[in-house]
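Here the structure comes first, spelled out in structure tokens, and everything after it is commentary.
Quantities reported herein were computed from a predicted structural model and do not represent experimental measurements.
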Amino acid sequence: MAEARDESGEVRARLARPGLEVAPTLLGWTLSHTTEHGTVTVRLTEVEAYMGEDDPASHAHRGPTARNAVMFGPAGHLYTYLSYGVHWCSNVVTGEDGRASAVLLRAGRVVEGASLARHRRGGRVKDAALARGPGCLGQALGLHRGHNGMDLLGAGPLRLRPTPDLPPSHVASGHRVGVRLAHDVPWRFWVDGDPTVSAYRRSPRVRP
DNA sequence: ACGCCGATTCTC
DNA sequence: AGAATCGGCGTC
């Protein structure tokens, strides 16, 4: 028990750093969600860093609100928000307690529970596309508002597990997708050449 | 109270 | 290229 606690404490310490530092190291980590219907596990292939109050594209840019409160809390918890009134997007909270910082989970490879993930996604979806895109990843894992604030490192239904860092040559970086403000910083990271990574799309709202 | 806009995705 | 759709936040 002490070993398990020490291990999760060590992982939380790694997450309690600025999102930009944490984001590339999360590639390859797995996130599992277990329900009465089974477990779906995703291996992360694409993430984006959001740096809180200093980052105009972050939901925390204007300080704490009811929506973004979780981002100001301790690292290793889940921050979910509704995008365009349609999609639930998931973030891993990073940084020190009291400082807002998070990593948006943009895509992953489903490595467990593919049939359940496909059922949630509805219809015939190619394996590589089951969790491609932040909304799809959340849907494949069955994540929504009810999971906002949940600990990813405890005994609950959500579990984030680390893997050794990928070789730097396998990690690519570039502009964040779909953001209007601060769209030109290379804070998106993905596994180079992986078919489960989403296509880059510049926000139509970016000013020319 | 009201209106705009978004860390998107699917279909036409 | 455009619709769908809801919550947060700024403004009236």
Side-chain angles (χ1 to χ4, degrees), chain A residues 15 18-24 26-27 31 42 44-73 75 77-95 99-108 110 117-149 152 172-190 195-208:
Chain A
L15 296 175
L20 184 55
E21 254 177 71
V22 174
L26 288 185
L27 294 175
L31 177 60
V42 158
L44 300 175
T45 57
E46 182 188 356
V47 298
E48 278 177 1
Y50 285 86
M51 292 295 279
E53 298 184 82
D54 299 329
D55 178 0
S58 170
H59 288 171
H61 179 225
R62 295 172 194 274
T65 65
R67 174 173 69 157
N68 65 28
V70 171
M71 261 200 284
F72 286 83
H77 290 247
L78 191 74
Y79 167 53
T80 60
Y81 69 91
L82 184 62
S83 175
Y84 288 84
V86 184
H87 313 281
W88 288 97
C89 297
S90 297
N91 302 248
V92 175
V93 174
T94 59
R99 296 287 304 269
S101 179
V103 175
L104 172 67
L105 308 181
R106 288 200 49 91
V110 174
R118 180 170 282 103
H119 178 257
R120 286 182 177 139
R121 292 273 281 110
R124 36 185 193 279
V125 182
K126 280 190 273 189
D127 280 358
L130 281 174
R132 181 162 61 200
C136 296
L137 180 143
Q139 192 175 23
L141 281 168
L143 300 177
H144 49 77
R145 183 214 309 276
H147 300 97
N148 190 37
L152 300 172
S173 67
H175 295 172
R176 293 182 290 188
V177 176
V179 299
R180 179 172 68 90
L181 301 167
H183 66 279
D184 53 347
V185 292
W187 291 358
R188 171 177 176 241
F189 302 91
W190 64 93
T196 65
V197 172
S198 71
Y200 174 71
R201 276 218 192 82
R202 179 175 158 136
S203 168
R205 281 176 286 274
V206 170
R207 298 170 204 273

Specify the separation, in whole Å, of atom [atom1] of [X] and atom [atom2] of [N].
X        : N     : atom1 : atom2 : answer
A:Leu105 : B:dT8 : CG    : P     : 13 Å
A:Glu46  : B:dT8 : CD    : P     : 10 Å
A:Asp55  : B:dA7 : CG    : P     : 10 Å
A:Arg176 : B:dA7 : CZ    : P     : 10 Å
A:Leu78  : B:dA7 : CG    : P     : 17 Å
A:His87  : C:dA4 : NE2   : P     : 13 Å
A:His144 : C:dC6 : NE2   : P     : 16 Å
A:His175 : B:dA7 : NE2   : P     : 17 Å

Protein heavy-atom contacts under 4.0 Å, written 5' to 3' over nucleotides 7-12 of chain C as B (base), S (sugar-phosphate only) or - (none), form the string SSSS--
Between [X] and [Y], is there a donor-acceptor pair closer than 3.5 Å when you use the side chain of the first and the backbone of the second?
X        : Y        : result
A:Glu48  : A:Val177 : yes
A:Arg176 : A:Ala182 : yes
A:His61  : A:Asp55  : no

Would you check if A:Arg121 and A:Cys136 make a side-chain contact, meaning some heavy-atom pair closer than 4.5 Å? yes
Minimum-distance pair of heavy atoms, taken over all atoms of A:Ala75 and A:Gly95: CB-O, 3.6 Å
Watson-Crick/G-U partner (both atom distances under 3.5 Å) of C:dT5: none
Using purine N1 to pyrimidine N3 plus N6-O4 or O6-N4 for Watson-Crick, or N1-O2 and O6-N3 for G-U wobble, both under 3.5 Å, which nucleotide pairs with B:dA7? none
Output, in order, the C-alpha distance, side-chain angles, deciding distance and verdict of side-chain contact (heavy atoms from CB on, under 4.5 Å) for A:Leu15 and A:Leu26. CA-CA 9 Å; A:Leu15 296 175; A:Leu26 288 185; 3.8 Å; yes
pi-stack flag for A:Tyr50 and B:dA7, centroid dist under 5.5 Å, interplanar under 30°: yes
Looking across every strand, which nucleic acid part, if any, lies under 4.0 Å from A:Arg121 by heavy atom: base, sugar-phosphate, or nothing? sugar-phosphate
To the nearest 0.5 Å, how far apart are OH in A:Tyr50 and OG in A:Ser101? 12.0 Å
